[in-house]
> 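For reference, the structure I am asking about is given below.
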Amino acid sequence: MEVFSSVDGLLKYARDRGVPLWRAVMEADMAEEDMTEPESLEKMGRMLAVMRSALAGYNGGDRSASGLAGGDGGRMAQFVASGGCVAGELFGKIVAAALSMGECNACMKRIVAAPTAGACGVLPAVLIPVGEAVGAGEQRMVEALYVAAGIGEVIANRASISGAECGCQAEIGSASAMAAAALVHLLGGTMEEMANASAMALKSLLGLVCDPVGGLVETPCIKRNVIGAVNALSAGEMALAGITSRIPVDEVIDAMAEVGAALPASLRETGEGGLAATPTGEKYKHVI
Amino acid sequence: MAIFDILGPIMVGPSSSHTAGAVRIGRITRRLLGSEPVRAKIFLSGSFALTGEGHGTPRAIVAGLLGLKPDDQRIPESFKLAEERGLEFEMGAVHLKDVHPNSALVTAWGADGGRVEVGASSPGGGMIRVFELDGLRTSFSGSVPTLLVKNMDKPGYVSRVSAVVAWYGLNISTLRMERDSRGGHSLMVIECDQHIPHGVSAELRQIDGIYKVTRLNPEGEV
């Protein structure tokens, strides 16, 4: 759809109508999908509710089918609770939440693909702990999800959100760009700052390959949710500090598509290159 | 693509293609069968066969056959649920040529004696595509109202079927037809913009030389 063909165009659409970015995303989608505002808000509210319940229902005792994934979210949470996290409690909570969500997915729990199942931890890991820390209300949290979805839709239209097509940069990278913009909304930034935050988040993860051990959404996917989340945090903070991306976000997205097309098949979700092809990766493959 | 394709679907992990899509393959087989399945043979091909176990693909397909949706938390325990509901199944691997790497061939038998054989792929994001139905090549997703008509390969069937569809005021968005051999069987796949009412299939069944009519309306699908 035209509105979502560029972030620049999306911002212009919002400015022309004199509405905030989140509302522009919601209204453009409502028109396209023939949905009413209460229907759309209810549906987005449900996405937030499922994210919250997945995180709250995390059980450190669960293990994935391969037996390789599980428990790390609990380990990190315990470390944070003991006061050991030098970067502070909020940072530690974000790391723990990203691990927990990635593990929930690997252990066949109910999650929200954001934009994919493998990258489902990034957005909630940033929004839920930060939302709690700043006392953001339900409405503001839902608004932030619209901002994230708008950025994600532009990325899907201009490039890809599929690891099989463009590598992990398209999954964790896209999730990180979405989360960075959403974070800026949550903290009261401008829509230009949201665009800059997503540009800085995505360009920092350009080239990230998709190399799952044994072809499973476990190693290194779960821990890459952590880098997606903390990268979104730093990109969002930079944008709020007034730092801008020298390359505009739409051009960063195009660069991601170009880099993705240049990646060999072995690094696009085939489980044949990168970490999957290391001696230890090969060994796990046979265990799985 | 809509924003809820970006944030969403709500699904049981770990993979939109190997888990959520696999549930949908089971579901569409059940919908095509049109009754409670009592027996099934499931063959996984390509990446489904290689990494399906670790992604819960076999359990996801069985869950779909039982009518569960991709966000149902009982998916991991679907084998137990199948036993309780009296669904017997066999699981195996097969090498299907010229299809997407994430594919499965599912044959299901219904309590009413019906049988359906479905070949389907899950290319990503939880979307699926049926590429074979009862031995005939085809292509449809079941995400829009779809009418499937199996008939004798003789002149005049397209116009007779489309006349009924038009009489009910349905707009056809795509129409595709494949046959096994000249004078053999033919499969028409008609995708419509509106809900396909019961009357359409009832009328079509009256026509001599039409063997099977199936309506797929996506209401309630996620």
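Chain identifiers are assigned alphabetically (A, B, ...) following the order of the sequence lines, protein sequences preceding nucleic acid strands; residue numbering begins at 1 within each chain. All heavy atoms count here, side chains included; hydrogens, waters and symmetry mates do not.
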> Let's test your reading of the structure: which of A/Ala117, A/Ala113, A/Ala149, A/Pro115 forms the most heavy-atom pairs below 4.5 Å with chain B?
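That would be A/Ala113.
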> Can you sort out the partners of A/Ala114 under side chain to side chain contact (heavy atoms under 4.5 Å, CB included), two or more places apart, ordered by chain and number?
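For A/Ala114 the side chain to side chain contact (heavy atoms under 4.5 Å, CB included) partners, ignoring immediate neighbours, are A/Met51, A/Leu123, B/Leu7.
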> Please find the pair of heavy atoms, one from B/Pro14 and one from A/Ala106, that lie closest to each other, and give the distance.
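Result for this residue pair: CB-CA, 3.9 Å.
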> If I measure from the heavy atoms of chain B, does A/Val50 come under 4.5 Å with its side chain, its backbone, both, or neither?
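The answer is the side chain of A/Val50.
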> In terms of heavy-atom proximity below 4.5 Å to chain B, should A/Ile161 be classed as side chain, backbone, both, or neither?
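A/Ile161 touches chain B through side-chain heavy atoms alone.
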> For A/Met44, is it the side chain, the backbone, both or neither that has a heavy atom under 4.5 Å from a heavy atom of chain B?
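For A/Met44, heavy atoms of backbone and side chain both lie under 4.5 Å from chain B.
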> Quick one: does B/Ile3's side chain get under 4.5 Å of A/Met26's, heavy atoms only?
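No; the side chains remain at least 4.5 Å from each other.
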> When rounded to the nearest 0.5 angstrom, what is the spacing between CD1 in B/Ile75 and CE in A/Met108?
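Going from the CD1 atom of B/Ile75 to the CE atom of A/Met108 covers 6.5 Å.
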> For a quick test of reading the model, state the closest non-hydrogen atom pair linking A/Ala156 to B/Ile6 and the distance between them.
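Residues A/Ala156 and B/Ile6, closest heavy atoms: CB-CD1, 3.7 Å.
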> So between chain A and chain B, what donor-acceptor pairs come in under 3.5 Å?
{"residue": "A/Asp29", "atom": "OD1", "partner": "B/Ile3", "partner atom": "N", "Å": "3.1"}
{"residue": "A/Arg46", "atom": "NH2", "partner": "B/Asp71", "partner atom": "OD2", "Å": "3.4"}
{"residue": "A/Asn105", "atom": "ND2", "partner": "B/Pro14", "partner atom": "O", "Å": "2.9"}
{"residue": "A/Lys109", "atom": "O", "partner": "B/Gly13", "partner atom": "N", "Å": "3.0"}
{"residue": "A/Arg110", "atom": "NE", "partner": "B/Asp71", "partner atom": "O", "Å": "2.8"}
{"residue": "A/Arg110", "atom": "NH2", "partner": "B/Asp71", "partner atom": "O", "Å": "3.0"}
{"residue": "A/Ile111", "atom": "N", "partner": "B/Met11", "partner atom": "O", "Å": "2.7"}
{"residue": "A/Ile111", "atom": "O", "partner": "B/Met11", "partner atom": "N", "Å": "2.8"}
{"residue": "A/Ala113", "atom": "N", "partner": "B/Pro9", "partner atom": "O", "Å": "3.1"}
{"residue": "A/Ala113", "atom": "O", "partner": "B/Gly8", "partner atom": "N", "Å": "2.7"}
{"residue": "A/Glu153", "atom": "OE1", "partner": "B/Ile3", "partner atom": "N", "Å": "3.2"}
{"residue": "A/Gly215", "atom": "O", "partner": "B/His55", "partner atom": "NE2", "Å": "3.3"}

